[in-house]
Amino acid sequence: MVKSAYQTVQAARSQDKITTEDLIGGLVTDFFECHGDRVDGDDPTIIGGIGRLNGQPITVIGTRKGRNLTENVARHFGSPMPQGYRKVQRLLQQAEKFGRPVLTLINTPGAYPDVASEFHGQGEAIAQCLYQGMQLKVPYISLIFGEGGSGGALALACGDRVYMTVDSIYSVLSPEGYASIMWKDASRVQEAAAALALTPQDLKREKVIDDILPEVHTAAELSQLADFLHQQFKILGKLPITTLIDQRQTRFDQY
């Protein structure tokens, strides 16, 4: 059965989604997590570090929600703060310095919108992630496997290849926000979801993403995804860096 846009939204937000930690654990070996932004602190909403994808050293960066209420509160339900985006910047710079490809894993409703985040430069931190991502001199793959909300998701979605899983969404704002702004009526959320064209099928048709990947839960499915990503990194690694950057920037110019 084909899902409606709002059913896809609900599936993207499901508690049954694989966690970022389990996704990293199933894709890479020898994962070493890096902490802190070297400026202000360490945002637990962003997890990132170094690991091996089928033996190839890569940098992995992901947004993560909590597995229980306590973790969700600590991680702002998957919404990064400026310290998190500056951690992303630090890891991108490190990856480029040592020639490691970058994999980003995205499941976030958006950047955390509180006053403290704005005071500490939320907009600037996201902008720097976009700037560094566009200029990154290593292969870069982004995978949206849950919610892909607004600039908070785009900051990690500047890849040479951008993929979404079947039950995921990618949008400038939430359906609830769209309905409230456009119609002053949050009850029209299902209509808003359809209007936003936020499903993987919509976004592939508009060439915002490259392809739609299956959901992953089992070890066998994670192994298949790892093989696929490793193959894509091999393909990207054969291209000149100038070509990667030009193609990456052309993609986003078309937005």
Side-chain angles (χ1 to χ4, degrees), residues 3 5-28 31 33 44-49 51 53-54 58-67 71-72 75-80 84 88 91 101-111 129 133 140-172 174-175 193 196 198-204 208-233:
K3 293 186 181 74
Y6 189 62
Q7 285 174 326
T8 302
V9 171
Q10 292 175 309
R13 295 171 173 173
S14 171
Q15 290 294 317
D16 295 331
K17 272 280 178 182
I18 189 170
T19 67
T20 308
E21 292 94 333
D22 288 343
L23 193 52
I24 292 173
L27 292 176
V28 303
F31 180 66
E33 185 178 354
T45 309
I46 295 290
I47 180 172
L53 177 69
N54 286 9
I58 67 168
T59 290
V60 188
I61 307 169
T63 60
R64 58 180 176 179
K65 299 179 179 181
R67 291 164 291 196
E71 285 187 352
N72 265 319
R75 300 172 186 175
H76 301 112
F77 292 84
S79 298
V88 173
L91 290 169
V102 171
L103 172 64
T104 54
L105 306 169
I106 301 158
N107 183 12
T108 176
C129 287
Y140 184 177
I141 293 177
S142 301
L143 173 62
I144 301 167
F145 68 98
E147 291 185 276
S150 192
L154 184 61
L156 278 75
C158 299
D160 302 297
R161 300 283 187 271
V162 180
Y163 300 108
M164 294 176 70
T165 60
V166 172
D167 292 331
S168 63
I169 58 173
Y170 190 22
S171 176
V172 67
S174 70
L196 282 166
L198 44 61
T199 70
Q201 293 77 17
D202 292 325
L203 295 161
K204 183 179 180 182
V208 174
I209 65 169
D210 293 281
D211 210 348
I212 304 168
L213 304 182
E215 292 293 313
V216 290
H217 300 285
T218 67
E221 291 167 343
L222 285 164
S223 178
Q224 291 174 354
L225 178 59
D227 290 342
F228 172 79
L229 294 172
H230 184 240
Q231 182 63 28
Q232 294 304 309
F233 275 129

The single option from Val88, Leu91, Thr108 passing side-chain contact (heavy atoms from CB on, under 4.5 Å) against Ile46: Val88

Donor-acceptor pair, Arg64 side chain versus Pro44 backbone, under 3.5 Å? yes

Just how far is it from atom OH of Tyr170 to atom CG of Leu203, taken to the nearest 0.5 Å? 8.5 Å

Taking the side chain as every heavy atom from C-beta outward, state whether Leu198 and Pro175 have any atom pair closer than 4.5 Å. yes

Is there a side-chain contact between Leu156 and Thr63 (heavy atoms, below 4.5 Å)? yes

Nearest non-hydrogen partners of Thr45 and Pro80, listed with the distance: CG2-N, 3.6 Å

Over all heavy atoms of both residues, which pair between Ala12 and Ser168 is shortest? Give the atoms and the distance, please. CB-CA, 3.8 Å

Pair Leu23, Leu225 - check side-chain contact (heavy atoms from CB on, under 4.5 Å), show working. CA-CA 10 Å; Leu23 193 52; Leu225 178 59; 4.2 Å; yes

Looking at CZ of Phe145 and CD1 of Ile106, how far apart are the two atoms once the value is rounded to the nearest 0.5 Å? 9.0 Å

Gap between atom CG of Leu105 and atom CD1 of Ile47 - 0.5 Å precision: 9.5 Å

Between Lys65 and Gln15, is there a side-chain heavy-atom distance shorter than 4.5 Å? no

Nearest 0.5 Å please: distance from the NE2 atom of His230 over to the CD1 atom of Ile141. 10.5 Å

Could you pull out the closest heavy-atom pair between Ala157 and Ser142, with the gap in Å? CA-OG, 3.3 Å

Separation between CD1 (Ile209) and CG (Leu143), nearest 0.5 Å, reads 10.0 Å

Under 3.5 Å: donor-acceptor pair, side chain of Ser79, backbone of Ala111: no

Evaluate the criterion side-chain contact (heavy atoms from CB on, under 4.5 Å) for residue pair Leu222 and Ile18; output intermediate values, then yes/no. CA-CA 11 Å; Leu222 285 164; Ile18 189 170; 4.0 Å; yes

Interatomic distance, OG1@Thr165 vs CG@Asn107, rounded to 0.5 Å, equals 8.5 Å

Under a 3.5 Å distance rule, please check whether Asp160 uses its side chain to pair with a backbone N or O of Tyr140 as donor and acceptor. yes

Shortest non-hydrogen pair, Ala155 vs Cys129, comes out as O-CB, 3.6 Å

How close do Lys204 and Asp211 get, heavy atom to heavy atom, and via which atoms? NZ-OD1, 3.1 Å

Would a 4.5 Å heavy-atom cut-off, applied to side chains only, mark Val208 and Val162 as touching? no

Under-4.0 Å salt bridge between Lys17 and Asp167: no

Heavy atoms of Thr20 and Gly62 approach each other most closely as CG2-CA, 4.2 Å

